[in-house]
Amino acid sequence: MTLLQMSRSYRSSAEMIRLRIISLKDEARRAEGPEKDGLERRIRDLRVLYRETRETALVLERYYQGRRCEE
């Protein structure tokens, strides 16, 4: 698997995480008490994972761009 293929996989994973965040936000709006707190905690955790996954995809996409400048 090439780095570009890996970046596509990371982008796809990030999209699934984003969709899950949206779903959890909808659930959190209807929830109350401890259930709502748990959902909001999960959303915060997934936001971190989403950001890191997108950043990794970007690094993988751009990996060879930096190397071309050195040659």
If you measure from CZ on R8 to CG on L4, what distance do you get to the nearest 0.5 Å?
4.0 Å
Give me the atom names and distance for the closest heavy-atom approach of A14 to R54.
CB-CG, 3.7 Å
In terms of heavy-atom contacts, L46 and R20 come closest through CD1-CG, 3.9 Å
Exactly one of R42, R29, E40 should register a side chain to side chain contact (heavy atoms under 4.5 Å, CB included) with L24. Which one does?
R42
Measuring from I17:CD1 to D45:CG, what's the distance to the nearest 0.5 Å?
11.5 Å
When clusters are formed by joining ILVMFWY residues with side-chain heavy atoms under 4.5 Å apart, either directly or through shared neighbours, do M16 and I22 land in the same one?
no
From R44 CZ over to L39 CG, what is the distance, rounded to the nearest 0.5 angstrom?
11.0 Å
Given E15 and R11, is the salt bridge (charged side-chain N to carboxylate O under 4.0 Å, His left out) satisfied, shown in steps?
CA-CA 6 Å; E15 180 62 15; R11 289 238 179 244; over 6 Å; no
Looking at every heavy atom in both A57 and S7, which two are closest together, and how far apart are they?
O-CB, 3.4 Å
Within the supplied structure, the quantity of interest is the number of heavy atoms (other residues, nucleotides, ligands) at a distance under 6.0 Å from Q5 CD; does it exceed 12?
yes
If every non-hydrogen atom of Y10 is compared with every non-hydrogen atom of T53, which pair is closest and at what distance?
O-CG2, 3.2 Å
For the backbone of S9 and the side chain of S13, can you confirm whether one donor and one acceptor N or O come within less than 3.5 Å of each other?
yes
4.5 Å side-chain heavy-atom contact, L3 and M6:
yes
